Undergrad: 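Right, I'll just put the structure down here and ask away after.
Both ligands and their constituent atoms are indexed starting at 1 by order of listing. Note that this is a predicted model, so its numbers are computed, not measured. Note that the numbering runs from 1 along the sequence shown for the chain.
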Amino acid sequence: MFNKEIYIKRRKKLAESINSGIILIPGNTELPMNYTDNAFHFRQDSNFLYFFGIDQPNLIGFIDTESGEEIVFGNEADMEDIIWIGMQETIAKKAEKIGIKKVLPYNDVIKYINNSKSIQRTIHFLPPYPADRKIALGKWLSISVNEIDNHVSIDLIKAVAAQREIKSAEEIEEMDSTMSNITYEMYSAAMRMANEGKTEYEIAGTMEGIALQNNVQLAYPIICSVRGEILHNHLHDNTLKKDQLLIIDAGAESKMHYATDITRTFPVNRKFTPKQKDIYEIVLAAQLYSIENIKPGIPYFDIHINTCKIIAEGLKNLGFITGNIDDIVSEGAHAMFMPHGLGHMIGLDVHDMEDLGEDNFAYDDTIKRSSQFGTAYLRLGKKLKEGYVLTVEPGIYFIPQLIKKWKAENKFTDFINYSKLEDYFDFGGVRIEDNIAVTSDGSKVIGKPIPKTVEEIENQ
Ligand code: GLY
Ligand code: MN
Ligand code: MN
């Protein structure tokens, strides 16, 4: 946990910006894997962690924005719990560490909600993502589960996002030290062992093992695949063969649950073929350009578009596409090769605050999300501010099914040289991803640098 003043300040600021009614922030519960007592690994809700910091299931955070009253609802361990899971530090003790004196039994929340309802006070809550939270909120508020999403508080979403999007020095330090000490080690081990004959699951397992040996979890399931053209491929059953490219997209989360999110692409046995090197150098140049251009006041949308132009230019130089670069990108032909956005905010969530609905905070009145294939997946469009932490992750992929579909539809035949692509159906893809903090006048790459240039990779 951070020190108590940080949580007190965060809640005070939230109450001031909402200004009327009550705020409910339910924490997560343990979800059964196959029966109730055999649960999935518990992950606390990130909004609860941000304002109430306590990392245990079955708690509800409550703020009265007018009286200033703050409560944590939760049941202290009884003898049954002590027998099965041991003596715990009490919720009351933990609440003290975040500056809250009042802890009440879990079901008392209903009394507080009913009191607020009886005098028509607004009850603000965020979009619940686990089904059991939706059901619980529906019960407490007497709203049908299917209707819950229509009652979330847009004011609360915007106020929470405005606070969480600016990372403090302590938050950036959490990510930095996790990156330097754990995610870095995960990649060093993976690069050393990625030789012909190894399996993807041995590499993924080693990487996850390093996170677990450091007493932390992964921020998201590892992507470790020689089929890198499948963007979020979570299968790890291939055996590495000579001249294949391996994409690894992985990151540990810190003890306080701040995410890291890195991608590296390298050849099996770490020796690029000329064909691989040509594509790799384009992606690397695009990624370095993006990082170089990050600074406060620049819309991330513009950096995305300019990066796509670098990718298009590189592909044009290799003969994959032809024509005017501005036209290729504005019409969306480049998206056959890079069908995703340049990056996203990162913090307590790997896609930070995605549960709040990205269009509520990642775009604004001046920059709306595009509806064009590829650019539509950009998860952050608005102007950058000091304190944002985001990913920069351009890529080039050769997706045989997409190429064949567009070719059959005669799509962008003026721009795309389909015959050249026939030789790339087994190429896979290249993505390079780093996490970047926006500073007062530019940007800073988070953590100890993980090998990225062709030379650095080949010398591993
Ligand atoms: N690891 C998921 C992503 O890069 O967005
Ligand atoms: Mn990412
Ligand atoms: Mn990633």
Undergrad: Should you measure from each heavy atom of His344, which atoms of ligand 1 turn up under 4.0 Å away?
TA: 3 (C), 4 (O), 5 (O)
Undergrad: Heavy-atom contact check, 4.0 Å cutoff: does Arg379 meet ligand 1?
TA: no
Undergrad: Looking only at protein heavy atoms, identify the closest one to atom 2 (C) of ligand 1 and say how far it is in Å.
TA: His232 NE2, 3.6 Å
Undergrad: Donor-acceptor check, side chain of Glu200 to backbone of Asn238, threshold 3.5 angstrom: yes or no?
TA: yes
Undergrad: Just which atoms of ligand 1 are under 4.0 Å from any heavy atom in His351?
TA: 2 (C), 3 (C), 5 (O)
Undergrad: Please tell me whether Tyr424 and Phe320 form a close aromatic pair, meaning their ring centres lie under 6.0 Å apart.
TA: yes
Undergrad: I'd like to know whether ligand 1 has Val350 as a neighbour, heavy-atom separation below 4.0 Å.
TA: no
Undergrad: Would Phe125 and His151 count as a close aromatic pair, with their ring centres under 6.0 Å?
TA: no
Undergrad: Show which atoms of ligand 1 fall inside a sub-4.0 Å distance from at least one heavy-atom site of Glu433.
TA: 4 (O)
Undergrad: Given Phe48, which of Phe51, Tyr50, Phe52 fulfils the ring pair (Phe, Tyr, Trp, His ring centres under 6.0 Å) condition?
TA: Phe52
Undergrad: Say whether, by atom type as modelled, one donor and one acceptor occur between the side chain of Gln163 and the main chain of Val160 under 3.5 angstrom.
TA: no
Undergrad: I'd like to know: is the Mn ion (ligand 2) within the 2.8 Å range of an N/O/S atom from His351, strictly under that distance?
TA: no
Undergrad: So does Asp249 have any N/O/S atom less than 2.8 Å away from the Mn ion (ligand 2)?
TA: no
Undergrad: When you measure from the Mn ion (ligand 2) to each N, O or S atom of Glu433, which atom gives the shortest distance?
TA: OE2
Undergrad: Below 4.0 Å from ligand 1: does a non-hydrogen atom of Arg431 turn up there or not?
TA: no
Undergrad: Between Asn306 and Asn293, does the side-chain contact (heavy atoms from CB on, under 4.5 Å) criterion hold? Intermediate values first, please.
TA: CA-CA 10 Å; Asn306 289 335; Asn293 282 278; over 6 Å; no
Undergrad: Parallel, tilted or perpendicular: which fits the ring planes of Phe2 and Tyr7, with parallel below 30° and perpendicular above 60°?
TA: tilted
Undergrad: Under 6.0 Å from the ring centre and within 45 degrees of the ring axis: does the NZ or CZ of Lys277 meet both conditions for the six-membered ring of Phe272?
TA: no
Undergrad: Quick check on the Mn ion (ligand 3): does Glu393 put an N/O/S atom closer than 2.8 Å to it?
TA: no
Undergrad: Establish, from distance only, whether the side-chain atoms of Tyr388 and Glu165 form a donor-acceptor pair under 3.5 Å.
TA: yes
Undergrad: Return the closest protein heavy atom for atom 4 (O) of ligand 1 as residue, atom name and distance.
TA: Glu393 OE1, 3.0 Å
Undergrad: Could you check which N/O/S atom of Asp261 is closest to the Mn ion (ligand 3)?
TA: OD1
